[in-house]
Amino acid sequence: MINLETPRKFRMFINQAHQVAAEMLRPNSRKYDLAEHTYPVELDMLAAVVDGLGASGTGSGAGASGVRRTADAADGVVNGSNLSSVLSVMEMCWGDVGLLLSMPRQGLGNSAIASVASDEQLRHFDGVWAGMAITEPGCGSDSANIQTTARLDGDHYVLDGEKIFVTAGGRCDAVVVWATLDKSLGRAAIKSFVVPKDTPGMTVERLDHKLGIRASDTATIRFENCRVPAANLLGSPEIDTDKGFAGVMQTFDNTRPLVAAMAVGVARASLELTRSLLADAGVEVDYDRPVHLQPAAAASYLQMESDWEAAYLLTLQAAWMADNGKPNSLQASMAKAKAGRTANDITLRCIELTGTLGYSEHNLLEKWARDSKILDIFEGTQQIQQLIIARRLLGKTSAELK
């Protein structure tokens with residue numbers, strides 16, 4: 001029997017996350033949307049609380065960094081840090097996506113470290129706030145075509161290249177950089193490296209102005225003769241043409257459900273506010289009446305809510321599989337694709353239903369619509385997710401289905 005209730009051991013923690021979203025994130029949402037590139041100082045205290053919860057064990061999976069595969073499927077059903085993380089991220093993004101992405105030590109780079117780092121590396125990078133640097137000027141969704149190089153020189157790797165759209169790139173302590181050890185070997189030679197921000201040869205070139213998530217800085221970073229200790233390479237340094245790139249891509253299997261959770265959270269916020277505004281206008285959503293007997297606005301709302309439910313369940317499935325040691329690449333991409341597209345659709349349609357109230361800055365609906373767009377783009381675009389899903393379902397390789 002499937003139980004879709006929030007696991008009892010997470011309920012208090014999830015309730016705390018919702019309170020933080022309601023009392024700290026949402027009240028500051030408009031402030032830092034207008035003050036782009038201004039650091040949200042209120043997050044320092046919140047990050048300290050999350051760190052404390054994680055250290056005490058009462059907040060396993062607090063924030064985006066709490067992802068690691070330690071479960072053995074033979075041990076039975078496990079509701080662990082991946083599920084806890086997506087549930088807490090949903091609540092926090094009900095408050096504000098940009099502010100969540102700005103939380104110290106909760107970056108997507110932290111998820112990468114948690115996903116593939118050795119136990120020794122986990123101890124070494126404990127407490128580090130890590131951004132993620134994958135995208136390049138000539139390489140967007142096709143991460144297998146990365147041009148940034150890493151050359152072994154003694155006990156260091158020398159990195160050269162440029163990365164764009166690095167979330168928290170101006171504020172973080174370190175960046176997880178994807179680079180190739182040998183361009184001629186293609187995707188198998190791509191590895192990830194943890195590069196501290198004070199490393200000579202690493203330069204933050206600029207911070208970008210964006211449509212949404214303005215509370216979170218997005219940076220362009222250049223690497224020129226940047227020497228990184230060999231011990232900072234995540235995973236094996238060996239180039240395995242059979243699974244070398246797959247090891248790096250495992251990061252996405254854990255982070256894509258987190259991005260899906262962000263989309264689910266902001267979409268829920270839009271739905272709840274829209275239902276309230278519709279009720280104020282005399283339009284009630286009746287779950288006991290057929291859709292065709294309700295006002296058009298109520299029927300549209302019910303359709304959006306059903307789409308949201310599908311995205312929510314796919315996200316839980318992908319996280320639960322990770323907790324239970326099950327391969328979840330297909331489910332992670334399905335969750336990311338469905339949730340990203342659903343959040344875009346819901347937030348825009350909520351504006352349509354609420355008219356001038358939704359389009360103006362009178363409330364946060366227009367901001368949520370702007371914020372949601374990135375959730376269908378980063379960590380793999382909608383089109384890339386559909387391509388991955390098709391390959392998995394049809395049993396095709398990337399060479400066979402492009």
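Remember, it's a predicted structure, so these values are computed and weren't measured experimentally.
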Q. Is a side-chain donor-acceptor pair under 3.5 Å present for W129 with Q106?
A. no
Using a 6.0 Å distance limit plus a 45 degree cone around the ring axis, check whether R268 lies over the aromatic ring of W308. no
Note to self: Could you check whether atom CD of E400 has more than 12 heavy atoms from other residues, nucleotides or ligands sitting under 6.0 Å from it?
What the structure shows: yes
Checklist line | E136 and K163: CA distance, side-chain angles, deciding distance, salt bridge (charged side-chain N to carboxylate O under 4.0 Å, His left out) verdict | finding: CA-CA 5 Å; E136 299 178 357; K163 296 293 183 179; 2.9 Å; yes
Next on the checklist: For R30, is there an ion pair with D33 - N to carboxylate O distance below 4.0 angstrom?
Outcome noted: yes
request  = Please lay out, stage by stage, how D173 and R105 fare under the test salt bridge (charged side-chain N to carboxylate O under 4.0 Å, His left out).
outcome  = CA-CA 9 Å; D173 305 317; R105 297 174 294 284; 5.5 Å; no
Q. How about T149 and D160: does a side-chain donor come under 3.5 Å of a side-chain acceptor?
A. no
- Test item: side-chain donor near acceptor, S216 and T167, under 3.5 Å: no
side-chain hydrogen bond (donor to acceptor under 3.5 Å, both in side chains) with S333: of Q385, Q386, E379, only one passes, and it is Q385
Notebook entry, point to check: Do K338 and D307 sit within salt-bridge range, that is, some charged N less than 4.0 Å from a carboxylate O?
Noted result: yes
**Study point:** Ion pair check, D96 and K367, cut-off under 4.0 Å
**Key:** yes
- Message: If the threshold is 4.0 Å, N to carboxylate O, is there a salt bridge linking E205 and R222?
- Response: yes
Worksheet item: Is K31 paired with E42 through a side-chain N to carboxylate O contact shorter than 4.0 Å?
Response: yes
Q.
One thing to verify: whether D371 and K373 come together as a salt bridge, which I'm taking to mean a side-chain N less than 4.0 angstrom from a carboxylate O.
A. no
inquiry  = Looking at R349 and D345, is there a salt bridge between them, counting it only when a charged N and a carboxylate O are closer than 4.0 Å?
reply    = yes
Could you tell me whether the side chain of V194 reaches within less than 4.5 Å of the side chain of L234, counting heavy atoms only?
yes
Item to check | Pair T397, R391: side-chain N/O donor-acceptor within cut-off below 3.5 Å | outcome: no
If you draw a 6.0 Å radius around CZ in F165, do more than 12 non-hydrogen atoms from other residues or ligands fall strictly inside? no
